[in-house]
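This report refers to the structure that appears directly beneath it.
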Amino acid sequence: MAKISASSLLLILLFVSAAASRTKIYSINNEDVHATDGICKTMVEKQGYACQEHLVTTQDGYILSMQRIPKGQSGEVPDKPPVLLQHGLLMDGITWMLNPPDQSLAFILADNGFDVWLANTRGTRYSRGHTTLSPNKSAYWDWSWDQLVAYDLSATFQYVSDQTGQKLHYVGHSLGTLIALAAFSQEKLVNMLRSAALLSPIAYLNQMSSLLARTAVDIFLAEDLYWLGVYEFDPRGEAVAKLLEAICNKPGIDCTDLMTSFTGQNCCLNSSNSDVFLEHEPQSTATKNMIHIAQMVRNGNIAMFDYDDKDKNMEHYGQPTPPAYNMTNIPNDLPLFLSYGGKDMLSDVNDVQVLLDSLKDHDGDKLVVQFREDYAHADFVMAVNAKQAVYDPLMAFFKLQ
Ligand SMILES: *[C@@H]1O[C@H](CO)[C@@H](O)[C@H](O)[C@H]1NC(C)=O
Ligand SMILES: *[C@@H]1O[C@H](CO)[C@@H](O)[C@H](O)[C@H]1NC(C)=O
Ligand SMILES: *[C@@H]1O[C@H](CO)[C@@H](O)[C@H](O)[C@H]1NC(C)=O
């Protein structure tokens with residue numbers, strides 16, 4: 001079987017979105033934010049759950065929306081600590097509610113007595129505010145996941161901690177795992193944390209095997225100046241459609257096959273739920289963030305954004321190369337639950353192994369590793385059997401911490 005990895009998954013997400021935008025599945029675009037109801041109204045209350053909208057301002061001025069599901073459907077007051085849910089790349093807080101309530105992590109946690117908090121990354125539909133900048137300004141998009149580590153994550157952690165007066169559990173999917181691992185490796189946030197569950201963990205992105213993925217990264221990096229001029233990486237936008245066209249026209253690359261092999265790989269999705277997915281996702285990110293991720297694929301390390309220029313790196317970091325995030329510095333006593341899949345194209349098993357190697361000194365009773373052979377990337381948030389396969393063990397782990 002052909003091995004497909006890393007950025008090919010991004011591309012597939014983009015194919016889905018390009019196809020969808022051609023058929024006008026998207027009726028709402030990002031600029032309509034103020035005209036649309038928030039996530040509580042559109043996704044939570046209609047399922048019969050209470051929900052609160054919150055706004056959190058980061059130290060660099062981004063105004064993020066958060067939603068709190070304070071209790072389960074039964075209305076019973078939560079008896080367990082807060083849980084912060086952090087979605088992945090090109091997604092938003094709706095990630096955790098794409099399936100019916102008995103299959104979706106946000107609702108399952110609420111029904112099991114947890115106080116649930118959803119984060120929405122800067123630049124996504126419900127988090128496009130800023131104290132001084134507008135998303136139509138390039139300066140608004142001058143960030144990569146380094147800033148999600150430094151600002152978004154610390155703002156949402158601090159907010160939940162202040163509001164509840166409690167240490168929290170964290171659940172990240174995909175890029176939501178990378179930013180947490182990066183923060184923990186700097187020993188940040190751990191004072192507010194009970195434990196962290198990492199689903200489809202992304203740290204190293206080194207196992208590039210598909211021609212398409214490599215081509216995409218090459219084109220992206222070769223044209224990074226052009227791409228930085230685009231600044232908002234809108235998966236539904238024209239620039240991204242052109243990029244896809246360029247990639248798919250390269251000899252030897254068959255985009256149709258890739259799409260097919262992708263959809264075949266997630267074991268347990270219910271296609272009836274894909275409309276919900278297409279209605280709400282994918283979401284914008286900064287082009288600079290995409291370039292940063294492409295750099296990780298190229299370099300095989302976990303480091304800060306590379307300005308590809310000694311002087312510029314000096315200016316930003318006081319050294320000619322970007323500082324590394326060192327995963328061996330994650331505190332050994334931090335309770336971690338890590339679940340990864342054998343069919344995952346983004347969180348490749350070999351890359352996860354490199355991460356596990358860097359955690360080899362972790363306290364044995366503080367690290368639970370779960371391998372789901374049949375799971376691919378989207379299964380961790382959308383599989384019809386994810387409750388039994390992943391969320392029940394995850395909650396059992398939380399209850400021990
Ligand atoms: C940019 O956004 C601001 C505020 O949202 C708006 O007033 C302005 O007209 C926009 N400019 C352009 C060029 O779209
Ligand atoms: C898939 O979703 C549809 C519509 O919600 C539902 O009727 C069906 O039972 C679901 N299938 C599974 C296996 O969950
Ligand atoms: C990470 O830190 C360890 C020990 O502190 C060191 O041996 C290793 O070389 C570091 N790795 C990187 C990539 O800097």
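The figures that follow rest on heavy atoms only: side chains count, while hydrogens, waters and symmetry mates do not.
Evaluation of the side chain to side chain donor-acceptor pair (under 3.5 Å) test over residues 82-94, restricted to residues two or more places apart or in two chains, returns Q86-T121, H87-T121. Each salt bridge (charged side-chain N to carboxylate O under 4.0 Å, His left out) pair with one or both residues in residues 183-194, not counting sequence neighbours, would appear here, but there are none. Residue pairs meeting the side chain to side chain donor-acceptor pair (under 3.5 Å) criterion with at least one member in residues 390-399, sequence neighbours excluded, are K387-D392. Among pairs with a residue in residues 99-109, those fulfilling side chain to side chain donor-acceptor pair (under 3.5 Å) read N99-Q103, N99-N273, at least two apart in sequence or across chains. The stretch residues 322-332 participates, sequence neighbours left out, in these side chain to side chain donor-acceptor pair (under 3.5 Å) pairs: D146-Y325, N326-T328. The list of salt bridge (charged side-chain N to carboxylate O under 4.0 Å, His left out) pairs with a residue in residues 51-69, not counting sequence neighbours, reads D60-R122, R68-D115.
A distance-only check finds no donor-acceptor pair linking the side chain of N289 to the backbone of T285 [under 3.5 Å]. With D348 contributing its side chain and N350 its backbone, the two residues share a donor-acceptor pair below 3.5 Å. Within the 3.5 Å criterion, the main-chain N or O of M91 finds no donor-acceptor partner in the side chain of T95. Checked by atom type and distance alone, the side chain of S185 never pairs as donor or acceptor with a backbone atom of I330 at under 3.5 Å. For D379 (side chain) and C268 (main-chain N/O), a donor-acceptor pair under 3.5 Å exists by modelled atom type. Side chain of K46 to main chain of T42: a donor-acceptor pair is present (N/O by atom type, distance under 3.5 Å, no hydrogens or angles). Side-chain N or O atoms of T287 include one that pairs as donor or acceptor with a backbone N or O of Y231 at under 3.5 Å. Formation of a donor-acceptor pair under 3.5 Å by the Q47 side chain with backbone atoms of P100 is not found in this model.
Closest heavy-atom contact between S144 and F305: OG-CB, 4.0 Å. The minimum heavy-atom distance linking S154 with A150 is given by the pair OG-O, 2.8 Å. Taking each heavy atom of S127 and L64 in turn, the nearest pair found is OG-CA, 3.5 Å. Heavy atoms only, all atoms of each residue included: Q52 and P70 are closest at NE2-CG, 4.0 Å. Nearest heavy atom pair, residue A50 against residue I69, reads O-CG2, 3.6 Å. The two residues A196 and F184 make their nearest non-hydrogen contact at CB-CE1, 3.8 Å.
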*Applying side-chain contact (heavy atoms from CB on, under 4.5 Å), run through D363 and L367 and close with a yes or a no.*
CA-CA 7 Å; D363 296 355; L367 178 63; over 6 Å; no
_Run L148 and L175 through side-chain contact (heavy atoms from CB on, under 4.5 Å) and show every step you take._
CA-CA 10 Å; L148 305 185; L175 193 71; 4.2 Å; yes
*Take N120 and Q67 through the side chain to side chain donor-acceptor pair (under 3.5 Å) test and state the conclusion after the steps.*
CA-CA 9 Å; N120 296 275; Q67 294 76 35; 2.9 Å; yes
*Between T132 and H130, does a side-chain contact (heavy atoms from CB on, under 4.5 Å) hold up when you go through it step by step?*
CA-CA 6 Å; T132 59; H130 189 279; 3.3 Å; yes
_Using side-chain contact (heavy atoms from CB on, under 4.5 Å), reason through R125 and S284 one step at a time and then give a plain yes or no._
CA-CA 8 Å; R125 183 181 295 159; S284 286; over 6 Å; no
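One distance of note links CG of L181 with CG of L355; it measures 6.0 Å at 0.5 Å rounding. Taking CD from Q319 and NZ from K310, the interatomic distance works out to 13.0 Å, rounded to the nearest 0.5 Å. Taken to the nearest 0.5 Å, the CG atom of D306 stands 4.5 Å off from the CG atom of D308. Note that CG of N191 is 7.5 Å distant from OG of S161, once rounded to the nearest 0.5 Å. Annotation: the span from W141 atom CH2 to N136 atom CG amounts to 10.5 Å, rounded to 0.5 Å. Taking CG from L98 and CG from L105, the interatomic distance works out to 11.5 Å, rounded to the nearest 0.5 Å.
H169 and F398 have parallel rings, their planes meeting at less than 30° on a 0 to 90° scale where 60° marks the start of perpendicular. By the 30° and 60° cut-offs, the orientation of the rings of F397 relative to F337 is tilted.
Annotation: side chain to side chain donor-acceptor pair (under 3.5 Å) contacts of Y307 (sequence neighbours excluded): K288, H316. With sequence neighbours left out, the salt bridge (charged side-chain N to carboxylate O under 4.0 Å, His left out) criterion links E315 to no other residue. Applying the side chain to side chain donor-acceptor pair (under 3.5 Å) rule to W96 yields no partners; only residues at least two apart in sequence or on another chain are considered. Residues satisfying the side chain to side chain contact (heavy atoms under 4.5 Å, CB included) test with A155, not counting sequence neighbours, are V56, T58. Y49 pairs by the side chain to side chain donor-acceptor pair (under 3.5 Å) definition with D111, not counting sequence neighbours. Applying the side chain to side chain donor-acceptor pair (under 3.5 Å) criterion to D162, with sequence neighbours excluded, gives Q158.
Side-chain contact between L168 and V83 is absent, with no heavy-atom pair separated by less than 4.5 Å. Residues M314 and D309 form no side-chain contact, since every pair of their non-hydrogen atoms from C-beta on lies 4.5 Å or further apart. The side-chain heavy atoms of L336 and S195, taken from C-beta on, include no pair separated by under 4.5 Å. Contact of the L90 side chain with the F233 side chain is registered, since non-hydrogen atoms from C-beta on lie closer than 4.5 Å. Using a 4.5 Å heavy-atom threshold, the side chains of I202 and H377 count as touching.
Residue-environment remark: CD (Q401) exceeds the threshold of 12 foreign heavy atoms within 6.0 Å. Dense packing is recorded around CD of Q166, with more than 12 heavy atoms of other residues, nucleotides or ligands lying under 6.0 Å away. Counting heavy-atom neighbours within 6.0 Å of E373 CD, excluding the residue itself, gives a total of 12 or less. By the 6.0 Å contact criterion, CD on Q388 is enclosed, its count of non-hydrogen atoms from other residues, nucleotides or ligands being greater than 12.
In this model, a donor atom of one side chain and an acceptor atom of the other lie less than 3.5 Å apart for H54 and Y159. At a cut-off of 3.5 Å, with distance as the only test, no side-chain donor of T124 or Q283 sits close to an acceptor on the other residue.
Of the options R372, Q370, H173, a side-chain hydrogen bond (donor to acceptor under 3.5 Å, both in side chains) to S339 is made by Q370 and by none of the others.
Using a cutoff of 4.0 Å between basic side-chain nitrogens and carboxylate oxygens, K137 and E232 are not scored as salt-bridged.
Here the two rings, on Y375 and Y340, have centers that are 6.0 Å apart or farther.
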